[in-house]
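Structure, as structure tokens:
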Amino acid sequence: MAMNQALMGNRVSTVLARRLGGELLRLRDAAGLNQHHAAQALSSGAAKIAKMERGWVPFRDPDVRALCALYGETDEVAIDRLLALARLDRERRKAKGWWQHSPGAGGLAEYIAMEDAAQRVRNWQVSLIPGLLQTAEYARALAVSDDFWQDPDDIERVVAVRMKRQERLGGAAPLQVHAVVSEGALRQEIGGPAVMRAQLAHLAQMAELSNVHVQVLPFRAGGHPCIVGSFNIVSFAEAGAVDVVHVDGVTATVWVESAEESAVYSRFFDRTARLSMAPRDSLGLIHSIAKGM
């Protein structure tokens, strides 16, 4: 991807543009039109429509409006949502964030860029403390245990990136975070008891922030919708309006970009949150586990 970005400049497939392109493609299919019809509406070639629908180029507002008119989309709320996606994508393409020149960002560079522009992140974690709420010692222990990172300098760069990300929790417009964490993540002794005690104390401290909402899903909750794996729901506007989902796998990360699929993750997250302990009770369990280490 880095080589493609260098060669193609602004013509880079981005998460937000793919989301917007996918929604416009869905509208085109529903209208029974092909790419040549869309190209005529924009006085362009079909190649431009293909690139737009694949998220390879930024979208101009007049083009979005013209395509919505052609496809019969008259709902102003829906059109405004598509325009918001276009604006966010243009802003993201122009942004010169610190992560672009940080070797420690690695494959997370695109996620960090999205997190930097987001208003809210909802995080479900099965076995780890969420990255935004980790201590440096905990993050370092994780990096050491990962076979991918061998050089001590590389490990320190990874830790530095994790700490830099946490700056989004402060400032004039802090990131809103709702983290639901499995009880198992609190009991997994990453780095040993001393590191884990400090991590749990830090988690409890972060949970006191007005923009950080932490819930623990206890073992006694049994089965739940999110049992299969961890994910992040990144929101750029009011809840559900412009959401994308980041799923971190063993060998690759996956972006869930369609409105329908991201809505499923939202429902699953909300149902799991309802099964979890209230924030104050969660805080009590965090302190209790820390004392037991």
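Since the structure is predicted, the reported quantities are computational estimates derived from the model, not experimental observations.
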Testing the basics here: between [X] and [Y], what is the closest heavy-atom pair and its distance to 0.1 Å?
X	Y	answer
A143	I155	CB-CG2, 3.8 Å
F59	L24	CE2-CD1, 3.5 Å
Y111	V121	OH-CG1, 3.9 Å
A185	I129	O-CD1, 4.0 Å
A221	L217	CB-CD1, 3.6 Å
S235	D243	OG-OD1, 2.7 Å

How long is the gap from [atom1] on [X] to [atom2] on [Y], to the nearest 0.5 Å?
X	Y	atom1	atom2	result
S44	H36	OG	NE2	11.0 Å
E208	L203	CD	CG	10.5 Å
R280	L285	CZ	CG	13.5 Å
I112	E115	CD1	CD	7.0 Å
S127	I190	OG	CD1	7.5 Å
N232	N123	CG	CG	4.5 Å

- Message: I'd like to know whether T135 forms a side-chain hydrogen bond (donor to acceptor under 3.5 Å, both in side chains) with R140, so could you lay out the CA-CA distance, the side-chain angles of the two residues, the decisive distance to 0.1 Å, and finally the verdict.
- Response: CA-CA 9 Å; T135 64; R140 186 175 295 108; over 6 Å; no
- Item | Close side-chain approach of S266 and R122, heavy atoms under 4.5 Å |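 Yes; the side chains approach each other to less than 4.5 Å.
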- S230 and Q125: side chain donor to acceptor below 3.5 Å: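 S230 vs Q125: donor-acceptor pair found between side chains.
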- Between the side chains of Q35 and E53, does any donor sit under 3.5 Å from an acceptor?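 Note: Q35 and E53 side chains meet the donor-acceptor criterion.
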- Are R90 and D61 ion-paired here, with the side-chain N under 4.0 Å from a carboxylate O?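 Between D61 and R90 there is a salt bridge, with a charged N closer than 4.0 Å to a carboxylate O.
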- Task: Tell me, please, which residues at least two apart from R87 pass salt bridge (Lys or Arg N to Asp or Glu O under 4.0 Å).
- Result: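 Partners of R87 by the salt bridge (Lys or Arg N to Asp or Glu O under 4.0 Å) criterion, ordered by chain and then number, come out as E91.
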- Name all residues meeting the salt bridge (Lys or Arg N to Asp or Glu O under 4.0 Å) criterion together with D29; count only those two or more places apart in sequence or in a different chain, and write none if there are none.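 D29: no salt bridge (Lys or Arg N to Asp or Glu O under 4.0 Å) contacts found.
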State which residues pass side-chain contact (heavy atoms from CB on, under 4.5 Å) with [X]; sequence neighbours excluded, sorted by chain then number.
X	answer
R168	D116, L175
E189	P193, M293
A78	E73, D75

- Can L82 and C68 be said to form a side-chain contact (heavy atoms from CB on, under 4.5 Å), step by step? CA-CA 9 Å; L82 296 178; C68 285; 3.7 Å; yes
- Task: Verify the ring-centre separation between F269 and H178: is it less than 6.0 angstrom?
- Result: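 Ring-ring flag for H178/F269: true, centres closer than 6.0 Å.
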- Is the CZ atom of R26 crowded by more than 12 outside heavy atoms at less than 6.0 Å?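 Above 12, so yes.
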- Assess whether side-chain contact (heavy atoms from CB on, under 4.5 Å) is satisfied between Q134 and R165, documenting all intermediate values. CA-CA 11 Å; Q134 292 176 7; R165 281 174 55 198; over 6 Å; no
- List in chain and number order the residues that pass ring pair (Phe, Tyr, Trp, His ring centres under 6.0 Å) with Y265, two or more places apart in sequence or in another chain; answer none if no residue qualifies.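 So Y265 forms a ring pair (Phe, Tyr, Trp, His ring centres under 6.0 Å) with F231.
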Tell me if a side-chain donor or acceptor on [X] pairs with a main-chain N or O of [Y] at a distance below 3.5 Å.
X	Y	result
R28	L33	yes
Q199	L133	yes
S282	A278	yes
H37	N34	yes

- Message: Using the rule that Ile, Leu, Val, Met, Phe, Trp and Tyr join whenever any side-chain heavy atoms are under 4.5 Å apart, tell me whether L83 and L25 fall into a single cluster.
- Response: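 No; L25 is not reachable from L83 via cluster members.
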- Message: Do Y138 and L209 land in one hydrophobic cluster if side-chain heavy atoms of ILVMFWY residues count as linked below 4.5 Å?
- Response: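 As far as the 4.5 Å side-chain criterion goes, L209 and Y138 are connected within one cluster.
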- Mind running side-chain contact (heavy atoms from CB on, under 4.5 Å) on E23 and L27 for me, showing each step along the way? CA-CA 6 Å; E23 296 209 21; L27 290 173; 5.7 Å; no
- Task: With ring pair (Phe, Tyr, Trp, His ring centres under 6.0 Å) as the test, would you mind laying out the steps for H224 and W124 before giving the verdict?
- Result: CA-CA 12 Å; H224 57 89; W124 156 246; 5.1 Å; yes
- In sequence, state the C-alpha distance, the side-chain angles, and the governing distance for M52 and D63, and then conclude on side-chain contact (heavy atoms from CB on, under 4.5 Å). CA-CA 10 Å; M52 291 173 70; D63 290 347; 4.3 Å; yes
